[in-house]
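In what follows, a single structure is set out as structure tokens and then discussed.
Just so you know, residue 1 is the first one in the sequence shown, and it goes up from there. Not measured: the values here are computed from a predicted model. Just so it is clear, the values below take in all heavy atoms, side chains as well, and ignore hydrogens, waters and symmetry mates.
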Amino acid sequence: MSADLLSKHSRAVRAAYARGLGGDPQAFATERLTFVDQPDPPPFPYVLVAVTFGTGTLVSVDPAYRAAAEAAAPGRHYHALRPAFLGKVVEEGRRRGASLVASTPELLFALGQAPPAPAIPKGYELRIEHSSWMANEQAARRFENGVGETGQGGRAVRNQFALVLYERDEPIAVGGVFLNHGLFEIGVDVLRAHRGEGLGRLVVSAATLEILRRGEIPFYGCVPTNVRSHRTALSCGFLPVCSEAAVVAADR
């Protein structure tokens, strides 16, 4: 791993998250819990987002819920990503007649080393597809992590492009790239019949290299229980740098 590359990309992730959530990157280095009002308008609809780099935690919250969130603040800053704290915000929403849900914390990865160019197996073809292709694939529901789900997570406007592996003109693996606070995050999907063949690593590597070619910052995220996705991230040069959890409206 390149310490310089990891440091550069970690700083970029800190700056992007702080900017996107209305805070200061220094909040991630205070060993404290820092509350800020969400930007107006927020980058996506949420009641609360908590992000930690382990050395400080930033909580961006709808001003209408800020007093309640601060009153429920845990003793340790990183406990703001735990169900006990997030659940109190959900309960506050219930008292107000709002249906809220807390997300499972995500583990987020920055690039520590650029992957080598992937070798394309014989009989396969790798193509770059545009956001219009991703929109069409949402309806098919074959690659929901790679292209996003219809009406969920704002992927209809956040999607940028995808690296797609084809077998006889049929897509079998997708590394879909979408905006996350100005970072180019990669979502990966492989048809079940082709899992275990290293194709997820292939399309993530290809997407990472294309993002770098465009002069952007690649980014990767998954839930802590998705061990296969962790392995894909690590094999493509990514390392975990922070974690994020959110409270959103139940219909988002």
For Arg14 and Phe53, run side chain to side chain contact (heavy atoms under 4.5 Å, CB included): C-alpha distance rounded to whole Å, both residues' side-chain angles, the deciding distance at 0.1 Å, then the answer. CA-CA 8 Å; Arg14 287 175 184 246; Phe53 283 75; 3.3 Å; yes

Check [X] against [Y] and note the closest heavy-atom contact, atom names and distance.
X	Y	answer
Val90	Leu100	CG1-O, 3.4 Å
Thr104	Pro224	CG2-CD, 4.3 Å
Gly176	Met134	CA-CE, 3.9 Å
Val190	Leu199	CG2-C, 4.2 Å
Leu209	Pro118	CD1-CD, 4.1 Å
Ala80	Leu86	O-CD2, 3.5 Å

Can you tell me how far apart [atom1] ([X]) and [atom2] ([Y]) are? Round to the nearest 0.5 Å.
X	Y	atom1	atom2	answer
Leu202	Ile172	CG	CD1	9.0 Å
His230	Cys222	NE2	SG	3.5 Å
Trp133	Asn159	CH2	CG	10.0 Å
Glu216	Leu179	CD	CG	8.0 Å
Leu191	Phe143	CG	CZ	4.0 Å
Leu33	Tyr78	CG	OH	12.0 Å

Measure up the Phe184 and Phe161 rings against each other and bin them: parallel (under 30°), tilted (30 to 60°), perpendicular (over 60°).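 Correct class here is tilted.
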
Kindly assign one of parallel, tilted or perpendicular to the pair His181 and Phe44, based on the angle between their ring planes and the thresholds 30° and 60°.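 Ring orientation of His181 relative to Phe44: tilted.
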
Derivation of the side chain to side chain contact (heavy atoms under 4.5 Å, CB included) call for Val13 and Leu183: CA-CA 7 Å; Val13 171; Leu183 306 168; 4.1 Å; yes

Answer yes or no: is there a donor N or O on one side and an acceptor on the other, between the side chain of Arg168 and the main chain of Gly123, under 3.5 Å?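 The answer is no, because no donor-acceptor pair under 3.5 Å joins these two groups.
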
Could you tell me whether the side chain of Gln160 and the main chain of Arg158 form a donor-acceptor pair under 3.5 Å?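 Here the side-chain-to-backbone pair exists.
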
Does a side-chain heavy-atom distance below 4.5 Å link [X] with [Y]?
X	Y	result
Glu167	His194	yes
Phe219	Asn180	yes
Val61	Gln38	no
Val89	Val47	yes

Any side chain to side chain donor-acceptor pair (under 3.5 Å) pairs touching residues 45-61, not counting sequence neighbours?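 Side chain to side chain donor-acceptor pair (under 3.5 Å) check on residues 45-61 returns Tyr46-Ser60, Thr52-Thr57, Thr57-His77.
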
Quiz: residues 18-27 side-chain donor-acceptor pairs under 3.5 angstrom, not counting sequence neighbours:
| residue | atom | partner | partner atom | Å |
| --- | --- | --- | --- | --- |
| Asp24 | OD1 | Gln26 | N | 2.8 |

Between Ser229 and Tyr220, a side-chain donor and acceptor under 3.5 Å: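 Checked: Ser229/Tyr220 side chains pair up, N/O donor to acceptor below 3.5 Å.
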
What side-chain donor-acceptor pairs closer than 3.5 Å can you find for residues 232-249, not counting sequence neighbours?
| residue | atom | partner | partner atom | Å |
| --- | --- | --- | --- | --- |
| Thr232 | OG1 | Arg228 | O | 3.2 |
| Ser235 | OG | Arg231 | O | 3.2 |
| Ser235 | OG | Thr232 | O | 2.9 |
| Ser243 | OG | Glu106 | O | 2.7 |
| Glu244 | OE1 | Tyr17 | OH | 2.9 |

Identify whether Val223 and Val188 are in the same connected component of the hydrophobic contact network (ILVMFWY, side-chain heavy atoms under 4.5 Å).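 Each belongs to a different hydrophobic cluster.
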
Connected via hydrophobic side-chain network under 4.5 Å: Val204 and Leu126: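 Val204 clusters together with Leu126.
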
Test salt bridge (Lys or Arg N to Asp or Glu O under 4.0 Å) applied to Arg96 - qualifying residues, sequence neighbours left out: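 With sequence neighbours excluded, Arg96 shows a salt bridge (Lys or Arg N to Asp or Glu O under 4.0 Å) to Glu92, given in chain and number order.
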
Is Phe178 isolated, or which residues cluster with it under the ILVMFWY side-chain rule of less than 4.5 Å, directly or via members?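 Besides Phe178, the hydrophobic cluster comprises nothing; the residue is isolated.
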
Apply the side-chain contact (heavy atoms from CB on, under 4.5 Å) test between Ile211 and each candidate in Leu111, Val177, Ile217, Leu163; give the one that qualifies.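 Single pass found, and it is Val177.
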
Given Thr34 and Val59, is the side chain to side chain contact (heavy atoms under 4.5 Å, CB included) satisfied, shown in steps? CA-CA 6 Å; Thr34 302; Val59 175; over 6 Å; no

Whether over 12 other heavy atoms sit under 6.0 Å from [X] [atom1]:
X	atom1	value
Arg76	CZ	no
Arg32	CZ	no
Arg192	CZ	no

Can I get a per-line list of side-chain donor-acceptor pairs under 3.5 Å for residues 3-12, giving both atom names and the distance, sequence neighbours left out?
| residue | atom | partner | partner atom | Å |
| --- | --- | --- | --- | --- |
| Ser7 | OG | Arg11 | NH1 | 2.7 |
| Ser10 | OG | Leu6 | O | 2.8 |

Before you tell me yes or no, could you show the steps for Val147 and Val174 under side chain to side chain contact (heavy atoms under 4.5 Å, CB included), namely the whole-Å CA-CA distance, both residues' side-chain angles and the distance that decides it to 0.1 Å? CA-CA 8 Å; Val147 302; Val174 175; 4.3 Å; yes

Go through Glu129 and Tyr166 one step at a time and tell me if the side-chain hydrogen bond (donor to acceptor under 3.5 Å, both in side chains) criterion holds. CA-CA 11 Å; Glu129 301 287 5; Tyr166 285 86; 2.6 Å; yes

Does the distance from a Lys or Arg side-chain N to an Asp or Glu carboxylate O, for Glu125 and Arg127, drop under 4.0 Å?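 A salt bridge is present here (some side-chain N lies under 4.0 Å from a carboxylate O).
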
Apply salt bridge (charged side-chain N to carboxylate O under 4.0 Å, His left out) to Arg142 and Asp189, showing your working. CA-CA 8 Å; Arg142 293 184 293 183; Asp189 257 319; over 6 Å; no

